[in-house]
Number of protein chains: 2
Amino acid sequence: MSVAIENFVKAIYKNGKRDNNDTKPGNIAKELGISNAAATDMAKKLATKDLLNYKKYQELKLTDKGTKMALNVVRKHRLWEALLFKLFDMSLHDIHREAELLEHQTSDLLANKISEYLGNPKFDPHGDPIPNEDGEITTTDTSIPLSNTEEGKTYTISRLMSDDKEFFDFCAQNGLKYGNSILISKQFSKNKMTQILINNNTILLNQDFTSIIYVNEQD
Amino acid sequence: MSVAIENFVKAIYKNGKRDNNDTKPGNIAKELGISNAAATDMAKKLATKDLLNYKKYQELKLTDKGTKMALNVVRKHRLWEALLFKLFDMSLHDIHREAELLEHQTSDLLANKISEYLGNPKFDPHGDPIPNEDGEITTTDTSIPLSNTEEGKTYTISRLMSDDKEFFDFCAQNGLKYGNSILISKQFSKNKMTQILINNNTILLNQDFTSIIYVNEQD
DNA sequence: AAAAATATTTAAGCTTACTTAAAAATATTT
DNA sequence: AAATATTTTTAAGTAAGCTTAAATATTTTT
């Protein structure tokens with residue numbers, strides 16, 4: 001299956017989630033930056049491949065096969081994002097752009113290797129869920145914001161729920177990275193600040209940050 | 001520039017090195033698995049883009065621009081091989097296959113990040129040189145085979161010059177990986193065996209192996 | 001509910017990267 | 001050096017994935 005097809009089913013999947021199912025050709029076309037005519041053509045073609053159900057003037061609906069393909073691409077995208085984020089100092093924006101291309105050139109084998117290397121994470125650095133090999137998504141998230149942690153305990157960073165460049169610059173400077181360990185040295189209940197120890201550095205964070213940094217308790 | 005074009009200049013570059021410059025369309029076509037006619041067509045087209053010089057019935061000769069493009073693709077291929085080999089337990093054969101696709105979907109920025117992460121290696125796990133950002137290749141290799149090392153010194157593995165699956169299985173089992181440290185515990189001059197310490201394991205290697213495992217002295 | 005605006009579909013056409021078949025040139029064998 | 005074999009080139013054609021323009025259907029506004 002081609003890159004164009006993978007992107008098409010992915011766009012339907014994402015648009016379906018976001019815009020309460022407005023998956024008519026025009027919407028998909030806008031998402032992909034192609035003409036409406038091209039989207040209609042592609043929709044017809046994919047219907048013959050049993051990837052979606054197509055009825056004139058109606059919303060495009062992915063079949064089980066189509067959904068599975070979309071989830072497979074999403075899985076690879078998010079695994080790449082998680083890996084690049086862990087290994088390299090790159091902005092999430094740049095990482096996203098690379099993942100957008102790499103996702104289509106990744107065997108299932110390699111995807112599994114990346115997943116395994118990362119400890120089979122259920123969420124990517126944005127906090128978006130990573131589908132597993134069978135396309136299953138974990139919706140229940142056991143991680144909690146830093147603001148809800150307990151003094152003296154050690155946690156692992158699981159999500160950095162932001163798209164803000166400044167926030168990520170701050171994270172990069174202070175070792176706040178997906179997977180890294182944090183010891184909560186003090187919770188100031190009065191002003192809602194949190195003092196943490198990371199990489200042998202003590203940092204004080206305010207609630208703007210502790211509410212978007214998610215962690216899991218270490219066992 | 002498209003994947004087809006990148007593969008075409010890469011094929012000319014590689015064929016030029018290997019078969020003392022037999023870079024006529026038929027040879028390139030065979031390398032790429034396309035028809036001779038397609039190769040001729042592409043050659044004409046790339047000549048208009050100043051990537052190669054084309055004269056009827058003659059060898060295809062890359063221009064500086066074409067050579068640079070080929071080296072850029074080769075660089076990305078070998079960086080991917082080096083990275084995947086370092087991170088994952090995968091056969092070199094599988095790794096090669098992945099790299100063959102990833103090489104075309106990798107920005108210069110990402111390539112540089114991979115290179116930096118690996119310590120800007122000059123050779124990939126096969127022992128093939130990795131061109132730098134400017135397309136320069138290191139031909140002088142400072143690494144030496146394990147058979148030439150000195151007792152008591154510590155080295156870093158720099159090349160595993162083989163395509164043999166069994167050899168790589170052995171390497172995987174014993175932590176013999178690109179970048180890993182080896183302490184030479186004993187050199188047996190009589191039977192040309194070498195005893196090494198790696199990952200707290202002592203292994204005895206015969207000359208079949210010590211002549212294809214290359215290392216650099218650690219400073 | 002009719003008119004206007006918007007979206008979808010159809011139709012025709014383009015580019016890229018191939019293919020096969022036949023013609024022309026080059027290489028090899030005898 | 002002639003005959004044969006191989007390669008290269010040309011020519012014509014195909015599939016994928018687009019485009020624009022016009023026709024048709026649906027939605028929204030009045």
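To find a chain, count down the sequence lines: A is the first, B the second, and so on, and within it residues start at 1.
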task = Just call it for A:Ala37: base, sugar-phosphate, or nothing, with non-hydrogen atoms closer than 4.0 Å on any strand.
result = base
note = Of the candidates C:dC18, D:dC18, D:dT27, the side chain of A:Ile34 sits closest to D:dC18
request  = Check step by step if side-chain hydrogen bond (donor to acceptor under 3.5 Å, both in side chains) holds for A:Thr23 and A:Glu59.
outcome  = CA-CA 5 Å; A:Thr23 53; A:Glu59 281 82 11; 6.0 Å; no
query = Which nucleotide, C:dA17, D:dC18, C:dT10, lies nearest any side-chain atom of A:Ala38?
reply = D:dC18
ask   = Is it true that A:Lys76 and A:Asp108 make a salt bridge, defined as a side-chain N closer than 4.0 Å to a carboxylate O?
value = yes
ask   = Atom CG of B:Asp22 to atom C1' of D:dT6: distance rounded to whole Å?
value = 13 Å
key: Length of the NZ-P vector between A:Lys55 and D:dA25, whole Å   = 18 Å
request  = Rounded to the nearest angstrom, tell me the gap between atom CG in B:Asp41 and atom C1' in C:dT20.
outcome  = 13 Å
ask   = With sugar-phosphate meaning primed atoms plus P, OP1 and OP2, does A:Tyr54 contact a base, only sugar-phosphate, or nothing at under 4.0 Å between heavy atoms?
value = sugar-phosphate
task = Begin with the C-alpha distance, continue with both residues' side-chain angles, and end with the deciding distance and a verdict on side-chain hydrogen bond (donor to acceptor under 3.5 Å, both in side chains) for A:Ser147 and A:Gln207.
result = CA-CA 7 Å; A:Ser147 51; A:Gln207 211 188 1; 5.2 Å; no
key: Per A:Pro25 side chain, nearest of listed nucleotides C:dT26, C:dT8, D:dT7   = C:dT8
ask   = Whole-Å distance between C:dT8 P and A:Leu60 CG?
value = 9 Å
query = Atom CD1 of B:Ile5 to atom C1' of C:dT15: distance rounded to whole Å?
reply = 12 Å
request  = State whether A:Arg97 and A:Glu81 are salt-bridged, where the test is any N-O pair (Lys NZ or Arg NE/NH1/NH2 against Asp/Glu carboxylate O) under 4.0 Å.
outcome  = no
query = Between D:dC18 atom P and A:Lys45 atom NZ, what is the distance in whole Å?
reply = 8 Å
task = Round to the nearest Å and state the distance from B:Lys30 atom NZ to D:dT6 atom C1'.
result = 11 Å
Consecutive-pair stems (at least three Watson-Crick or G-U pairs, under 3.5 Å) that include DNA chain D = C:1-30 with D:1-30
remark   = Ranking B:Ala39 and B:Lys49 by the position along DNA chain C of their nearest nucleotide, the one closer to 5' is B:Lys49
request  = For A:Ser35 and for A:Lys56, locate the closest nucleotide of DNA chain D by heavy-atom distance; then report the residue assigned to the nucleotide nearer the 5' terminus.
outcome  = A:Ser35
note = With A:Arg75 as partner, the option from A:Asp134, A:Asn132, A:Asn112 fulfilling side-chain hydrogen bond (donor to acceptor under 3.5 Å, both in side chains) is A:Asn112
query = Which whole-number value in Å describes the distance from B:Leu32 CG to C:dC18 C1'?
reply = 12 Å
task = For B:Ala4, report the nucleic acid contact type (base, sugar-phosphate, nothing); a contact means any heavy atom under 4.0 Å.
result = sugar-phosphate
note = By nearest-nucleotide position on DNA chain D, the 5'-leaning member of B:Thr40 and A:Ser2 is B:Thr40
key: Parallel, tilted or perpendicular, as decided by the 30° and 60° cut-offs, for the rings of B:Phe170 and B:Phe209   = tilted
ask   = Taking the six-membered ring for Trp, is the centroid-to-centroid distance between A:Phe123 and A:Tyr214 below 6.0 Å?
value = no
query = Is there a donor-acceptor contact under 3.5 Å from the side chain of A:Arg78 to the main chain of A:Asp124?
reply = no
inquiry  = Check this one for me: any side-chain N or O of A:Asn36 less than 4.0 Å away from OP1 or OP2 of C:dT8?
reply    = yes
query = Does the side chain of A:Lys24 get closer than 4.0 angstrom to OP1 or OP2 of D:dT27 through an N or O atom?
reply = yes
